[in-house]
Peer 1: 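Got a structure here, written out as structure tokens. Questions coming.
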Amino acid sequence: MKEKNYAIKIDDLTVAYNYKPVLWDIDLKIPEGVLMAIVGPNGAGKSTLIKSILNIIKPIAGTVKVFGKPYKQQVDKVAYVPQKGSVDWDFPTIALDVVMMGTYGSLGWIKRPGQKEKKQALEALEKVGMLAFKDRQISQLSGGQQQRIFLARALVQNASIYLMDEPFQGVDATTEKAIINILKELRHAGKTLIVVHHDLQTVPKYFDWVTFLNVKGIASGPVRDIFNDDNLTKTYGINYKVAVNK
Amino acid sequence: MTNAQLEIQIIAALVAVACAIPGTFLVLRKMAMISDAISHSILVGIVLGFFITQDLNSPLLILLAALTGIVTVVMVEYIQKTNLVKEDTAIGLVFPALFSIGVILIAKNANDVHLDIDAVLLGELAFAPFDRLLIGGMDIGPKSLWVIGVILFLTLLLLFLFYKELKLSTFDKGLAATLGFSPVILHYGLMSVSSVTIVGAFDAVGAVLVVALIIAPPATAYLLTDNLKKMLILSSFFGVFAAISGYWMANFLDASIAGSMTTVLGVIFLLVYLFAPRQGVFSVMFKEKQQQVEVSLLVFLLHLQNHTDPKERHVNHLQEHINWGKVKSKTILNLAKKNNFVTIDANIALLTPKGEEFTAEALKYITTNEETAIEGLKKRFFLFRG
Ligand SMILES: Nc1ncnc2c1ncn2[C@@H]1O[C@H](COP(=O)(O)OP(=O)(O)OP(=O)(O)O)[C@@H](O)[C@H]1O
Ligand SMILES: [Mg+2]
């Protein structure tokens with residue numbers, strides 16, 4: 001495959017917090033149009049990997065290319081759904097407003113969002129089934145609803161690549177299904193989705209691509225080829241056994 | 001009211017608004033204490049600036065002092081980044097050091113300079129009208145009015161231009177960064193505005209009490225609104241109100257102006273904290289009570305639905321059969337009757353069709369835990385809220 005066919009290509013990436021590496025020499029090629037899970041134990045560096053793709057954390061070595069170019073030149077092609085706990089939900093604003101923030105990137109500095117942006121936000125809210133809550137103060141939303149708001153915000157970014165950090169964290173079965181359906185829909189529309197995921201049981205059902213990560217990159221490829229006990233054991237430790245329903 | 005009095009109040013009001021705007025963002029970013037650090041450490045900058053310019057209102061002095069504020073922020077962040085101490089500790093390490101240097105500088109040179117610690121700490125608003133700005137021999141008003149006026153104008157201009165960016169980076173730094181709005185630039189922009197404002201305000205309310213004007217109005221407004229724009233407006237309003245009423249209080253009591261303003265700010269916060277409609281102490285207590293009543297009503301109705309035995313439905317047995325907690329059975333019974341949920345026949349309670357419907361729906365809400373179900377329920381049934 002040619003380089004530009006990779007949505008994301010990571011070479012020799014090493015990331016450290018206070019000079020203590022938490023990601024060692026990662027090589028990762030993510031083809032365009034996959035729905036990919038990143039799995040690994042707590043502290044494996046999954047969030048860190050996503051943040052370094054987005055340049056939120058500067059790596060101490062290595063490169064990240066987004067469609068063959070540095071992230072800085074591709075900002076508008078990438079949408080990010082952070083871990084829900086990363087923001088203060090007591091911030092004085094309503095759901096619709098948070099979703100509109102997704103349009104700020106295409107607006108650039110100074111310009112304000114207008115009717116067009118509002119319409120986009122309302123459509124995204126509709127898609128995630130949250131239209132009825134558009135005027136609700138964000139602290140008065142349940143955890144699953146907050147997650148949907150984040151998803152809607154990513155949808156209005158209208159990106160080619162979606163990076164999501166544990167979108168299923170603390171949501172009920174209905175919301176999980178709603179979210180995965182939207183993700184699958186996005187993949188059918190040709191988008192690339194990269195999702196940090198903890199529930200190993202659902203990996204084969206939800207995803208077609210998987211990356212095993214634990215400080216080092218362990219394996220990455222199609223779920224049907226590499227989602228096996230061998231890789232799971234390498235990632236999670238020697239005694240790890242999981243019932244994989246194929 | 002004399003001309004000087006009017007001028008003092010205008011200055012105080014402008015200071016209040018100039019403080020409330022950056023203050024709102026500082027409070028939301030949980031960085032209110034950094035303003036305390038800035039306000040103390042700028043003393044060094046003010047003293048040094050005064051040695052150079054000999055004029056407390058000189059723009060050079062303001063810039064020098066504001067620079068000390070930024071240096072403070074950088075130092076605090078540097079110490080914090082080592083991960084050896086927490087942020088509040090880092091703040092506590094930096095500003096007393098800088099502040100004491102300022103105090104020593106003043107004490108050492110007290111004989112040659114007209115600058116005393118009281119003036120810097122508490123402000124000299126009462127004297128502000130006497131220091132006039134003359135252009136070509138023409139008096140165009142007090143100097144400090146112009147200083148704070150210019151600062152406020154710039155603050156409002158920046159707020160207008162970068163409102164969206166400030167909001168985004170305050171709510172979600174990560175998204176701001178990924179969308180190309182550098183949180184670092186916005187952070188230091190906010191810090192610079194805060195520093196300049198604090199320096200500009202020290203003439204009026206002193207470099208230390210200015211912290212009250214930065215923190216208290218936004219903290220009060222935060223209890224009253226869910227909307228950032230309204231929070232900015234309310235903060236400004238509280239600030240101006242405290243500034244003007246504080247001035248008159250000081251006049252009346254012959255007390256310090258800055259001290260009176262701070263007192264008013266404290267009283268306003270306390271009142272709002274107690275009486276705010278949604279988050280106030282009393283309204284929370286009231287809501288809890290109301291919820292207790294609502295839950296008890298549901299328990300009562302479910303009990304009626306579950307038991308056909310008249311003995312179980314006898315009014316006098318209600319208190320024994322259902323553990324009401326603190327709520328009186330009489331209140332519940334009246335509430336149920338008022339809503340036509342039950343009829344009482346020879347002291348035996350019986351659910352009406354409306355009561356049946358309500359109970360069934362409430363049950364559905366409880367089991368599915370669906371937000372939307374309760375919303376509809378409230379709209380159609382909860383007559384007892386009013
Ligand atoms: N800001 C930080 N400063 C210092 N160390 C950090 C910081 N953030 C993360 N770490 C460390 O880096 C390592 C990787 O963290 P990361 O958040 O990427 O893990 P993760 O795989 O996302 O874990 P989880 O499943 O718990 O979300 C952990 O050991 C963590 O303690
Ligand atoms: Mg994580």
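A, B, ... follow the sequence lines: proteins, then strands. Residue 1 opens every chain.
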Peer 1: Among residues 167-178 of chain B, which ones touch chain A with a heavy-atom distance under 4.5 Å?
Peer 2: B/Lys167, B/Leu168, B/Thr170, B/Phe171, B/Asp172, B/Gly174, B/Leu175, B/Ala177, B/Thr178

Peer 1: For B/Phe241, look at atom CZ and say whether over 12 heavy atoms of other residues, nucleotides or ligands are found less than 6.0 Å away.
Peer 2: no

Peer 1: Between A/Arg153, A/Gln157, A/Lys72, which residue shows the highest count of heavy-atom pairs closer than 4.5 Å to chain B?
Peer 2: A/Arg153

Peer 1: Please classify the contact between A/Val81 and chain B as side chain, backbone, both or neither, with a heavy-atom cut-off of under 4.5 Å.
Peer 2: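 No part of it gets close to chain B.
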
Peer 1: To the nearest 0.5 Å, tell me how far A/Asp97 CG sits from B/Leu228 CG.
Peer 2: 8.5 Å

Peer 1: By a 4.5 Å heavy-atom criterion (distance strictly below it), what part of B/Leu186 contacts chain A: side chain, backbone, both, or neither?
Peer 2: side chain

Peer 1: Among A/Ser106, A/Pro113, A/Pro82, A/Gly105, single out the residue with the greatest number of heavy-atom pairs under 4.5 Å to chain B.
Peer 2: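 Most pairs with chain B among the choices: A/Gly105.
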
Peer 1: Sort A/Asp88 into side chain, backbone, both or neither according to what part of it lies under 4.5 angstrom from a heavy atom of chain B.
Peer 2: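 It is both, since atoms from each part get that close.
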
Peer 1: Could you tell me whether B/Tyr188 atom OH has more than 12 heavy atoms of other residues or ligands within 6.0 Å of it?
Peer 2: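 Result for OH/B/Tyr188: enclosed.
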
Peer 1: A/Pro92 and B/Tyr222: which non-hydrogen atoms are nearest, and at how many Å?
Peer 2: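 Heavy atoms of A/Pro92 and B/Tyr222 come nearest at CD-CE1, 4.1 Å.
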
Peer 1: When rounded to the nearest 0.5 angstrom, what is the spacing between CZ in A/Arg112 and CZ in B/Phe160?
Peer 2: 5.0 Å

Peer 1: Is it the case that atom NZ in A/Lys58 sees more than 12 heavy atoms from other parts of the structure closer than 6.0 Å?
Peer 2: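 Result for NZ/A/Lys58: enclosed.
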
Peer 1: Can A/Met101 and B/Leu179 be said to form a side chain to side chain contact (heavy atoms under 4.5 Å, CB included), step by step?
Peer 2: CA-CA 10 Å; A/Met101 288 179 185; B/Leu179 292 181; 5.8 Å; no

Peer 1: For the CH2 atom on A/Trp89, are there more than 12 heavy atoms of other groups (residues, nucleotides or ligands in this structure) within a distance under 6.0 Å?
Peer 2: yes

Peer 1: At a heavy-atom separation under 4.5 Å, does A/Ile56 approach chain B through its side chain, its backbone, both, or neither?
Peer 2: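 Interface part for A/Ile56: side chain.
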
Peer 1: Is a donor on one side and an acceptor on the other found under 3.5 Å between the side chain of B/Lys164 and the backbone of A/Lys111?
Peer 2: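 Yes.
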
Peer 1: Between A/Asp90 and chain B, with a heavy-atom cut-off of 4.5 Å, which part of the residue counts as in contact: side chain, backbone, both or neither?
Peer 2: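 Answer is both: backbone and side chain atoms of A/Asp90 are under 4.5 Å from chain B.
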
Peer 1: Can you say whether A/Tyr17 sits under 4.5 Å from chain B via the side chain, the backbone, both, or neither, judging by heavy atoms?
Peer 2: neither

Peer 1: Which donor-acceptor pairs under 3.5 Å do side chains of residues 265-283 of chain B form with protein atoms, sequence neighbours excluded?
Peer 2:
unit_1   : atom_1 : unit_2   : atom_2 : d
B/Arg278 : NH1    : B/Asp226 : OD2    : 3.3
B/Ser283 : OG     : B/Pro277 : O      : 2.7
B/Ser283 : OG     : B/Arg278 : O      : 3.2

Peer 1: Sort by residue number and list every member of residues 23-30 of chain B having a non-hydrogen atom under 4.5 Å from chain A.
Peer 2: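 Near chain A, by residue number: B/Leu28, B/Lys30.
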
Peer 1: Applying ring-ring contact (aromatic ring centres under 6.0 Å, His included), can you list everything that pairs with B/Phe162, at least two apart in sequence or on another chain?
Peer 2: A/Trp109

